[in-house]
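Scroll down for the structure; my scribbles are underneath it.
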Amino acid sequence: MSSDDPLPPAAALAAVQAKIAHAAALADRKAGSVTLIAVSKTKPAEAIAPLLAAGQRAFGENRVQEAQGKWPALRETYPDVALHLVGQLQSNKADDAVTLFDVIHSVDRLSLVTALGRAIDKHGRRPDCFLQVDIGDEPQKGGCPIADLPALLAGARAAALPVIGLMAVPPVETEAAPYFALLAKLARDNGLDALSMGMSSDYETAVMLGATHIRVGTALFGSRS
Ligand SMILES: *Cc1c(COP(=O)(O)O)cnc(C)c1O
């Protein structure tokens with residue numbers, strides 16, 4: 001193996017877990033208060049299997065259709081997997097999302113709240129929901145404008161969505177910490193406990209700033225083509 005080769009999956013998982021534990025300890029938090037979501041988008045079942053074998057149980061996907069193709073078979077062997085939808089969701093996929101996913105991180109508009117509320121009633125499944133915030137004022141990325149967050153939260157509560165927290169993706173190539181701190185403040189101000197923030201390049205910072213859910217792809221699976 002050359003020094004450029006990525007770590008084998010189980011070793012990569014152990015390395016990420018150790019970094020989470022270190023960052024949590026620095027911030028006087030328990031490592032167990034952070035859920036590591038292995039973001040397996042674009043990766044085939046063969047790449048996911050070693051992480052399942054190593055005990056990883058929370059996985060993230062960004063497309064409903066791709067997840068429908070991969071996860072039902074894997075779940076037959078690992079029924080205790082928790083599937084997280086981390087990508088943007090179209091309202092016409094709300095039924096599919098509610099039946100497949102345990103947690104939805106990308107609730108960002110009232111039309112989607114309405115569609116998810118209907119799907120939850122219809123299927124009797126209630127995935128935990130994060131409201132996604134457009135924390136860097138980049139509308140193309142998805143996420144609700146900060147100013148609209150109170151109205152979105154009120155709408156989600158009126159539709160009986162199980163909202164547990166806020167999610168955001170900070171602008172690329174900037175220091176993420178101020179955006180993580182801002183998301184944590186917005187969650188506090190709105191009485192929400194969970195924070196989905198931090199990816200491969202910045203999850204330790206996110207843990208120090210209170211992330212309860214980190215979404216890590218590349219650091220576990222290697223780069224995506
Ligand atoms: C792809 C993706 C991730 C994981 O990104 P990495 O940089 O590979 O860790 C996290 N969150 C979202 C919303 C993503 O789309």
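Just the heavy atoms: all of them, side chains too, but no hydrogens, waters or symmetry mates, feed the values below. Each ligand, and each atom within it, is numbered from 1 in the order the structure gives.
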Pairwise side-chain contact, V216 with F221, heavy-atom cut-off 4.5 Å (strictly under):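 Side chain of V216 against side chain of F221, heavy atoms only: no contact under 4.5 Å found.
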Test: R125 and D102 ion pair at under 4.0 Å: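 Answer for the salt bridge query: yes.
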Salt bridge present between K141 and D134 (N-O < 4.0 angstrom):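 Looking at K141 and D134, the cut-off is not met.
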Just list the N/O pairs, ligand 1 to protein, that are under 3.5 Å apart, with the distance for each.
unit_1: ligand 1; atom_1: 8 (O); unit_2: T218; atom_2: N; d: 2.8
unit_1: ligand 1; atom_1: 8 (O); unit_2: T218; atom_2: OG1; d: 2.5
unit_1: ligand 1; atom_1: 8 (O); unit_2: R224; atom_2: NH1; d: 2.8
unit_1: ligand 1; atom_1: 8 (O); unit_2: R224; atom_2: NH2; d: 3.1
unit_1: ligand 1; atom_1: 9 (O); unit_2: S200; atom_2: N; d: 3.0
unit_1: ligand 1; atom_1: 9 (O); unit_2: S200; atom_2: OG; d: 2.5
unit_1: ligand 1; atom_1: 9 (O); unit_2: G217; atom_2: N; d: 2.8
unit_1: ligand 1; atom_1: 11 (N); unit_2: R215; atom_2: NE; d: 2.9
unit_1: ligand 1; atom_1: 15 (O); unit_2: K41; atom_2: NZ; d: 2.7

Results of side chain to side chain donor-acceptor pair (under 3.5 Å) for R157 - residues two or more places apart only: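 Partners of R157 by the side chain to side chain donor-acceptor pair (under 3.5 Å) criterion come out as none, since no residue qualifies.
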Aromatic plane relationship, F59 with W71 - under 30° parallel, 30 to 60° tilted, over 60° perpendicular: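 Taking F59 first and then W71, their aromatic rings sit tilted (interplane angle of 30° to 60°).
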Worked verdict on L166 versus L149 for side-chain contact (heavy atoms from CB on, under 4.5 Å): CA-CA 10 Å; L166 300 181; L149 182 59; 3.9 Å; yes
